Peer 1: 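Quick one: the structure is below, and I'll ask about it shortly.
Throughout, a chain's letter reflects where its sequence line sits, starting with A, and its residues are numbered from 1. Being a predicted model, the structure only gives us computed values, none of them experimental. All heavy atoms count here, side chains included; hydrogens, waters and symmetry mates do not.
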Amino acid sequence: MTVTTRFAPSPTGYLHIGGARTALFSWLWARKNKGKFVLRIEDTDEQRSTPEMTQAILDAMDWLGLDYDLGPYFQSQRKEIYQEYIEKLLASGAAYYCECTPEEVEKMREEARQKGLKPKYNGRCRNKNLGPGPGRVVRLKVPLTGETSFEDLVKGTISVRNAELDDFILRRSDGTPTYNLAVVVDDLTMGITHIIRGDDHVNNTPKQVLIYQALNVPLPKFAHVPMILGPDKKKLSKRHGALSVMIYKEMGFLPEALVNYLVRLGWSYGDQEIFSKEELIEKFSLENLNASASVFDLDKLLWVNSHYIKNSSVEQLVPLVSEFVQELGYTPEADYLAKIIPLYQPRAKTLKEMAEQMHFFFKTTEELDYDLKAVKKFFTPEVKEHLQTILGRMQETKDFSQKELENLFAKYLDETGIKFKLIAQPLRIAITGQTFSPGLFETMEVLGKEKVISRIQRALSLE
RNA sequence: GUCCCCAUCGUCUAGUGGCCUAGGACGCCGGCCUCUCACGCCGGUAACAGGGGUUCAAAUCCCCUUGGGGACGCCA
């Protein structure tokens, strides 16, 4: 049987970090086993589901590189199939109609709570043999005794006493199927072999197992992956910021970096930290998934991202960085950007940071803002004299390459006996306006003779 | 409240009864490199939640406690 996994988000919100990770695990498992990955949109909650959210989820998966083989299927378009299965359950006596109103059921729950028990429906209509009728729901007749258990691929055996469960609803009074019914029917009819999903579904699983059993069909394999927690160890939520994965794109993360980080969060392969996608497909396994929840650590993500930035090719980076640069209001030529990017690859943690740091490459000499405090500190009369002389020599140079510039300076230092340190910072301030930048010679070469000279001139005339 | 799940450095983790004086990574601290900021390199800091068992031997197995998370909808 071909391994088939699925990702089944409900389009009531953006694709968040936790969802992205389970999608990733499902995708990896399918790819590793040369199986199929199904995308299913669980939009049975018509009030809260929107096409915009569906599109946003699709976009996010696309950004992460999670391609699917089948789907997207929409639960809203599969209503007949659910009805068919509900009828089967009704016909076999595994399910029954219930006429209790929501208020009545709430009362039962309240009574149970009073007694310190788990709030449940008390099975009042279980033996009434009711037929269809307005306002009536269909409930599953769950065994009163015994227990329901299943093998979880990450957590081991999980079992619940049936007495803990109640006769939950399969079909609402408006005729729509509930989540638990729809999931089982979908997973069954789509041939899902491995259900890899979030931890928060563990409690639903016994109910679903009961439906499989009532339908008299074999169980798929289950793998419940732990939740991702915020730094406060609470479920990751809006107040931890950055919920949607697309926000990470906006923050300047590379999708490969996010993928790498997310996989390593809760999964490991010895001591290895960096994995290419191909390597992940080869090495991923459900057994190595950690059973406990893990805390999202932005610092480590940043580190992984900087690794990927260092190891990306300039060609890959140009279009990406270009977007961030444009956001800042600059529109450099791609060729120019391609020369600047290598200077920042070793020093930037995000693409956004990269774009922000290179601003002085895009400004004209007149637009450049000088750090006046630094100018005051470094531009002593002696230094200005040196810069003046060097300026003259630069003007005479034809070749403004890094190598030629290094020669020019070496010669000057040799002649005057001064240390490079004495003029390095002043020169940096003169050509970048600030006290930090990539190496001076690389910077000057990329900036070009004309700009370098005009900037030194402007800096010298500042005070 | 009830049920389910989980528990190694601050964080992600290695560890599947002896290789553990518990390894790696991020972070942090210190040093080196150096034209600044970074990168890089070297070194350091820091953990088996607690208590009982089982065993010649336990971070590893069992039980209890504690702590954390999740679920208890005609939401998904």
Peer 1: Between A:Ser268 and A:Gly270 (side chain of the first, backbone of the second, donor and acceptor by atom type, cut-off under 3.5 Å), is there such a pair?
Peer 2: no
Peer 1: In the 5'-to-3' direction, what one-character label does each nucleotide of nucleotides 39-50 of chain B receive under the scheme B = base within less than 4.0 Å of a protein heavy atom, S = sugar-phosphate only, - = no such atom?
Peer 2: S-----------
Peer 1: Between P on B:C5 and CG on A:Leu153, what's the gap in Å once rounded to a whole number?
Peer 2: 16 Å
Peer 1: Expressed in whole Å, how much space separates the P atoms belonging to B:U66 and B:C29?
Peer 2: 39 Å
Peer 1: Is the phosphate of B:C74, meaning OP1 or OP2, less than 4.0 Å from a side-chain N or O of A:Arg109?
Peer 2: yes
Peer 1: Under 6.0 Å from the NZ atom of A:Lys377, do we count more than 12 heavy atoms belonging to anything else shown?
Peer 2: no
Peer 1: Any side-chain N or O of A:Ser268 less than 4.0 Å from the OP1 or OP2 oxygen of B:A14?
Peer 2: yes
Peer 1: According to the Watson-Crick and G-U wobble definitions, with both distances under 3.5 Å, which nucleotide is paired to B:C37?
Peer 2: none
Peer 1: Kindly say whether the aromatic ring centers of A:Trp267 and A:Phe275 come within a distance under 6.0 Å.
Peer 2: yes
Peer 1: For the base of B:A76, is there a side-chain donor-acceptor partner from A:Asp43 under 3.5 Å away?
Peer 2: no
Peer 1: Report the distance from atom CG of A:Asn204 to atom C1' of B:A76, rounded to the nearest whole Å.
Peer 2: 8 Å
Peer 1: On a whole-Å scale, what distance lies between the P atoms belonging to B:A71 and B:G30?
Peer 2: 43 Å
Peer 1: Taking the six-membered ring where the residue is Trp, are the ring centres of A:Phe420 and A:Phe441 under 6.0 Å apart?
Peer 2: yes
Peer 1: Given the C1' atoms of B:C48 and B:G43, what is the spacing between them in whole Å?
Peer 2: 25 Å
Peer 1: Of the listed nucleotides (B:A7, B:C72, B:G23), which one gets closest to any side-chain atom of A:Asp271?
Peer 2: B:G23
Peer 1: In whole angstroms, how far is the P atom of B:C35 from the CZ atom of A:Phe409?
Peer 2: 13 Å
Peer 1: With distance as the sole test, does A:Asp43 use its side chain to make a donor-acceptor pair with the main-chain N or O of A:Ser76 at under 3.5 Å?
Peer 2: yes
Peer 1: Name the residue closer to the 5' end of RNA chain B, choosing between A:Glu406 and A:Arg21 according to the nucleotide with the nearest heavy atom.
Peer 2: A:Arg21
Peer 1: Using heavy atoms and a sub-4.0 Å distance, could you list which residues of residues 411-424 of chain A are near RNA chain B? By number, please.
Peer 2: A:Phe420, A:Lys421, A:Ala424
Peer 1: Indicate yes or no: does A:Arg161 engage A:Glu147 in a salt bridge with an N to O separation below 4.0 Å.
Peer 2: no
Peer 1: Using only side-chain N and O atoms of A:Arg172, determine if any of them is under 4.0 Å from OP1 or OP2 of B:A76.
Peer 2: yes
Peer 1: I'd like the C1' distance from B:G15 over to B:A58, given in whole Å.
Peer 2: 12 Å
Peer 1: Just name whichever nucleotide pairs with B:U66, Watson-Crick or G-U, keeping both distances under 3.5 Å, else none.
Peer 2: B:A7
Peer 1: How is A:Val202 classified with respect to the nucleic acid when contacts are heavy atoms under 4.0 Å: base, sugar-phosphate, or nothing?
Peer 2: sugar-phosphate
Peer 1: Mark yes or no: A:Lys277 above the aromatic ring of A:Trp27, with NZ or CZ under 6.0 Å from the six-membered ring centre and no more than 45 degrees from the axis.
Peer 2: yes
Peer 1: Whether the side chain of A:Arg458 engages the backbone of A:Thr365 through a donor-acceptor N/O pair (distance < 3.5 Å, no angle test) should be reported.
Peer 2: yes
Peer 1: Extract from the structure each pairing of a protein N or O with an N or O of nucleotides 10-12 of chain B at less than 3.5 Å, listing the distance.
Peer 2:
residue, atom, partner, partner atom, Å
B:U11, OP1, A:Lys233, NZ, 2.7
B:C12, OP1, A:Val295, N, 2.8
B:C12, O2', A:Arg264, O, 3.0

Peer 1: What nucleic acid atoms does A:Thr44 come within less than 4.0 Å of, heavy atoms only: base, sugar-phosphate, or nothing?
Peer 2: sugar-phosphate
Peer 1: CG of A:Leu210 versus P of B:C72: gap in Å, rounded?
Peer 2: 16 Å
Peer 1: To the nearest Å, how far apart are A:Asn203 CG and B:G73 C1'?
Peer 2: 14 Å
Peer 1: For A:Ser312 and A:Leu317, indicate whether the former's side chain and the latter's backbone hold a donor-acceptor pair under 3.5 Å.
Peer 2: no
Peer 1: For B:U60, give its Watson-Crick or G-U wobble partner with both distances under 3.5 Å, or none.
Peer 2: none
Peer 1: What integer distance in Å separates A:Leu343:CG from B:C35:C1'?
Peer 2: 15 Å
Peer 1: With a 3.5 Å cut-off and heavy atoms only, can you find an N or O donor on one side and an acceptor on the other between the side chain of A:Asp199 and the base of B:G70?
Peer 2: no
Peer 1: Using a 4.0 Å heavy-atom cut-off, does A:Pro206 contact any base of the nucleic acid, only the sugar-phosphate backbone, or nothing at all?
Peer 2: nothing
Peer 1: With rounding to the closest Å, how many angstrom separate the C1' atoms on B:G70 and B:C64?
Peer 2: 23 Å
Peer 1: Distance check, P atoms only: B:A49 and B:G68, in whole angstrom units.
Peer 2: 16 Å
Peer 1: Could you check whether A:His386 and A:Tyr412 have their ring centres less than 6.0 Å apart?
Peer 2: yes
Peer 1: Any base atoms under 4.0 Å from A:Cys100, or only sugar-phosphate, or nothing? Heavy atoms, all strands.
Peer 2: base
Peer 1: Whole angstrom is fine here: how far is it from CZ in A:Arg139 over to C1' in B:G73?
Peer 2: 10 Å
Peer 1: Pull up the glycosidic torsion of B:C39 and say syn or anti, syn being anything within 90° of 0.
Peer 2: syn
Peer 1: In whole angstrom, give me the gap between the C1' atoms of B:U13 and B:G1.
Peer 2: 36 Å
Peer 1: Name the nucleic acid region contacted by A:His201, choosing base, sugar-phosphate or nothing; use a 4.0 angstrom heavy-atom cut-off, strictly under.
Peer 2: base
Peer 1: Donor-acceptor pair under 3.5 Å: do we get one between A:Ser173's side chain and the base of B:C74?
Peer 2: yes
Peer 1: Toward the 5' end of RNA chain B, which comes first, A:Tyr179 or A:Leu117, by nearest nucleotide?
Peer 2: A:Leu117
Peer 1: With P as the reference atom in both, quote the distance from B:U65 to B:C5 in angstrom, rounded to an integer.
Peer 2: 15 Å
Peer 1: Any idea which heavy atoms bring A:Asp167 and A:Gly123 closest together, and the distance?
Peer 2: OD2-CA, 4.3 Å
Peer 1: What's the closest nucleotide to the side chain of A:Glu42 if the choices are B:C35, B:U13, B:A76?
Peer 2: B:A76
Peer 1: Should B:G1 form a Watson-Crick or G-U wobble pair with both distances under 3.5 Å, which nucleotide is its partner?
Peer 2: B:C72
Peer 1: Need the pair for B:G43. Rule: Watson-Crick or G-U wobble, both distances under 3.5 Å, any strand; none if unpaired.
Peer 2: B:C29
Peer 1: For A:Tyr179 and A:His201, I'd like to know if the aromatic rings sit close, meaning centre-to-centre distance below 6.0 Å.
Peer 2: yes
Peer 1: Please report the C-alpha distance between A:Leu351 and A:Phe253 in whole Å, then the side-chain angles of each, then the deciding distance to 0.1 Å, and finally whether the side chain to side chain contact (heavy atoms under 4.5 Å, CB included) criterion is met.
Peer 2: CA-CA 7 Å; A:Leu351 300 175; A:Phe253 286 92; over 6 Å; no
Peer 1: Whole Å only: how far is the CG atom of A:Asp232 from the C1' atom of B:G69?
Peer 2: 12 Å
Peer 1: What heavy-atom pair brings A:Leu165 and A:Leu210 nearest, and what distance separates the two atoms?
Peer 2: CD2-CD2, 3.6 Å
Peer 1: Can you check whether A:Ser159 has a side-chain N or O nearer than 4.0 Å to OP1 or OP2 of B:C4?
Peer 2: no
Peer 1: Can you confirm if the aromatic rings of A:Phe7 and A:Phe25 lie within a centre distance of less than 6.0 Å?
Peer 2: no
Peer 1: Which heavy atom of A:Thr178 sits nearest a heavy atom of A:Ile169, and at what distance?
Peer 2: OG1-O, 2.8 Å
